[in-house]
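Note that the structure is predicted; figures quoted are calculated from it, not measured.
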Amino acid sequence: MAKDTSPTNPISRLFKSDPYRELFLSLADTLDSSVLVLSGAESRLLTCNHEFLLLSGYARKDLDDLSPSALFPGEEGHVMLEKILDTRENPDCTLQDVPLQTRTGEVVLIDIEAHPIAPPRTAVLLQIKPASARSQIEQRKLAEETLLRSLENITNLILTGGTSALPTALELCLDPLCASYTAIYRLSATTPDYFIEGVLPPEFPETIPADAIGNLQVFSSWSLGQRPEGELQRAARTAELTHLKTALIGDDSAWIGIFIVGWKEEIALSPDIDPLIRIIANLLHTAIYLSQLRTSLIEGDTSMSAVEAEITSQFEAISDALITVDSSLTIIRANSAINRLLGYRPPEVKGLAIQDVLVGPEDVTTTILDALGHKRTAERSRLILHHRDGTRLLVHLRVAPMAGAADDQLLIVLSDQSEQQAIEDQTEILAQRALLGEVTAIFAHEVRNPINNISTGVQLVASRLGENHPQFEALGTIRAECVRLDQLMSDVLFFARPLQLKMDPLDIAELLQRVITRWAPRFNQTGTRCHTSFDPDTPLASADPRTLERVIVNLISNALEAMTEGGTLSINIAPIGPAQNRMIELKVADTGPGIPPDKIHRIFDPFFTTKKAGTGLGLAISRRIITAHKGIIQVESFPDAGTVFTIHLPSADLSSKE
């Protein structure tokens with residue numbers, strides 16, 4: 001009790017005169033604790049309240065003949081009285097387990113708080129409580145602290161472990177509830193039923209159907225002797241439980257479980273047991289809800305990671321350069337295509353200003369700012385930018401605001417138009433060549449007749465003049481040139497006109513053998529040895545015999561012209577590739593001087609030739625024929641060693657499948 005030495009203390013005023021005694025007694029009787037007033041000077045009992053009379057067993061009139069030592073006997077009582085009287089100098093003394101002798105002679109242990117009455121400190125007021133009340137309070141406080149620790153442990157366990165910690169949490173609930181069994185029926189994730197978690201007697205069902213939950217009360221209690229209602233209370237009676245309490249877990253929109261508490265022994269349940277069960281039920285609800293949230297978060301993170309990975313893979317798979325910038329035109333990220341287009345690796349451009357990366361003779365920031373300010377897509381075509389190494393390139397710039405992105409982010413798309421420009425240029429060249437081909441075909445057709453007439457006229461004049469005439473040799477030269485011009489016109493017409501192929505199964509070995517036999521006199525005349533190698537497993541080719549023979553003859557003719565002093569001509573055929581995709585390989589090789597490296601890439605171009613009397617159309621026509629056969633023709637040349645032409649043609653079986 002707080003010390004008050006003020007002269008205005010109302011208690012001290014109670015003892016100034018007798019009229020105040022009755023008022024004091026009336027006030028003291030309203031207190032729950034016992035009050036005893038001792039005289040400080042005379043060491044006698046002045047007064048007490050009704051609670052003290054009940055505690056000591058004395059009547060009020062008995063106190064007039066009692067001394068304090070009679071209430072507090074013995075040496076221990078004497079020491080206690082001295083301490084109480086010392087409160088006049090040392091106020092607010094507290095004593096515990098003080099022996100108080102009642103009227104019946106029984107000694108009761110009490111706790112005392114002594115307060116001296118304000119000056120002149122003539123009395124001491126004692127507030128008395130049974131020591132057992134303090135013990136009960138301490139025990140209750142200890143029980144409350146234990147309960148709080150248990151709830152704290154359960155809460156921490158639930159927060160860290162979620163539903164996986166439910167068995168342990170249910171076990172921790174046994175002590176604060178003083179229960180024999182705790183369990184929950186929790187809604188299954190795969191079925192509409194509720195399955196049991198925790199420990200219950202075997203008489204309880206393993207599952208509860210969902211429709212049975214609607215018949216349960218939010219909180220229910222059953223004790224032995226009462227009529228059971230529902231399956232759970234009947235199971236409790238069968239299991240010989242004395243008490244059973246259930247609390248639904250969840251809310252009116254969705255009950256996700258039932259908390260079950262059972263007692264085997266007959267005990268008096270605490271009045272706080274029902275609120276405590278509700279608190280634990282709410283904690284279990286929190287555990288299940290947190291577990292669902294964690295599962296949703298994990299699934300969300302997994303889905304988000306999958307979406308991010310998918311977006312990243314799509315971002316990286318796009319062949320155009322993609323650059324994301326913020327409102328300050330600082331690069332946030334870029335895909336790997338920027339390395340191919342501008343020569344920067346994506347990590348290098350992160351954090352750079354866009355104008356430091358998109359460098360060119362024209363300012364690109366105006367287009368980007370237009371898209372940023374007006375929230376619309378802006379484009380510029382055929383924009384010239386500089387590669388990191390200084391190379392100029394042609395690009396198409398597209399800037400679009402990113403919907404839903406923070407900080408007004410923009411997506412910049414750079415499409416390389418260099419290839420498109422090259423295609424357009426090549427298309428224009430091809431169109432010009434096509435027109436030139438048509439004109440050339442018309443020209444060749446119209447020129448052939450005059451050339452033939454000239455050749456015929458020259459031949460007629462030469463026959464009339466005779467071999468001894470001085471102009472006979474000149475006329476022969478004119479006629480030879482007419483023949484060459486006629487051949488040139490024939491080649492031009494063949495090259496310019498569409499090919500009309502008649503594809504049939506063809507034995508290339510047989511075709512080659514016929515050609516070689518026909519060219520044998522020429523081989524002997526030029527001192528050329530012809531070596532052949534024909535694989536007997538070579539399948540039939542799908543080919544046009546007439547045009548393919550022209551290719552072979554052209555290659556043999558070129559080889560003989562290259563080997564001016566004779567040499568070896570090798571012709572080989574063999575199957576290549578798997579059985580289901582069998583191709584035929586034809587190789588024609590000579591031992592001539594080879595083709596210069598700076599010219600080999602042009603030998604298939606029209607009108608390009610390395611021979612003095614060549615037309616430059618032979619190999620161009622050959623490649624056109626092989627391409628029309630769905631084959632390929634390639635060349636390898638080795639200086640001073642020779643040249644090898646390789647032709648791959650589809651077999652008749654492969655062509656029939658196609």
Side-chain angles (χ1 to χ4, degrees), residues 1-18 20-21 23-142:
M1 184 173 180
K3 177 177 76 172
D4 186 0
T5 59
S6 170
T8 61
N9 189 325
I11 297 179
S12 64
R13 292 202 303 269
L14 295 176
F15 297 94
K16 288 182 179 180
S17 59
D18 289 338
Y20 293 100
R21 182 180 298 273
L23 177 60
F24 169 75
L25 290 177
S26 298
L27 292 175
D29 285 342
T30 63
L31 299 178
D32 293 334
S33 58
S34 302
V35 174
L36 179 66
V37 180
L38 300 180
S39 170
E42 303 172 4
S43 185
R44 62 188 181 87
L45 303 177
L46 295 179
T47 186
C48 68
N49 69 347
H50 183 68
E51 288 294 327
F52 181 78
L53 297 177
L54 294 176
L55 177 65
S56 62
Y58 289 99
R60 198 178 297 274
K61 63 181 181 179
D62 297 335
L63 297 180
D64 295 337
D65 299 330
L66 285 177
S67 66
S69 58
L71 292 175
F72 306 106
E75 184 66 25
E76 187 176 358
H78 178 70
V79 173
M80 183 274 301
L81 286 174
E82 288 183 352
K83 290 182 179 180
I84 291 174
L85 295 177
D86 285 343
T87 56
R88 290 175 298 176
E89 304 298 333
N90 274 328
D92 295 341
C93 173
T94 300
L95 301 174
Q96 293 182 349
D97 296 328
V98 176
L100 172 68
Q101 184 169 325
T102 65
R103 184 178 182 180
T104 61
E106 180 184 1
V107 176
V108 179
L109 297 179
I110 59 173
D111 295 336
I112 298 176
E113 290 184 8
H115 305 284
I117 306 301
R121 299 183 182 272
T122 57
V124 179
L125 185 145
L126 305 182
Q127 282 185 300
I128 300 173
K129 293 182 179 179
S132 60
R134 172 175 54 83
S135 177
Q136 291 177 356
I137 293 174
E138 291 177 350
Q139 291 177 0
R140 185 176 181 83
K141 184 177 180 180
L142 179 61

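Shown here for A114 and V124, the closest heavy-atom pair between the two residues is CB-CG1, 3.9 Å. Between A59 and R103, the closest heavy-atom pair is N-NH1, 4.5 Å. In this structure, Q101 and Y58 approach most closely via the heavy-atom pair O-CE1, 4.0 Å. Minimum interatomic distance between A70 and L66 (heavy atoms only, all atoms of both residues): CB-CD2, 3.9 Å.
Taking the side chain to side chain donor-acceptor pair (under 3.5 Å) definition, one finds that D97 meets it with R134, sequence neighbours left out. Judged as a side chain to side chain donor-acceptor pair (under 3.5 Å), and not counting sequence neighbours, the contacts of T104 are T102.
One distance of note links SG of C48 with CG of D29; it measures 8.5 Å at 0.5 Å rounding. Rounded to the nearest 0.5 Å, atoms CD1 (I110) and CG (L100) are 4.5 Å apart. Rounded to the nearest 0.5 Å, atoms CD (E113) and CG (L125) are 10.5 Å apart. Distance check: F52 CZ to Q127 CD gives 13.5 Å after rounding to the nearest 0.5 Å. Here the straight-line distance linking atom CG of L55 with atom CD of E51 works out to 8.5 Å at 0.5 Å rounding. Rounding to the nearest 0.5 angstrom, the gap separating the NE2 atom in H78 from the NZ atom in K83 is 12.0 Å.
Annotation: salt bridge (charged side-chain N to carboxylate O under 4.0 Å, His left out) contacts involving residues 68-78, sequence neighbours excluded, are absent.
A 4.5 Å side-chain heavy-atom check between L45 and P68 finds at least one atom pair inside the cut-off.
Side-chain atoms of D111 never come within 3.5 Å of backbone atoms of T94 as a donor-acceptor pair (strictly under, hydrogens ignored).
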* Check the pair L53 / D62 against side-chain contact (heavy atoms from CB on, under 4.5 Å), numbers first and verdict last. => CA-CA 10 Å; L53 297 177; D62 297 335; over 6 Å; no

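Screening I128, N49, L126, L27 for a side chain to side chain contact (heavy atoms under 4.5 Å, CB included) involving V35 leaves a single residue, N49.
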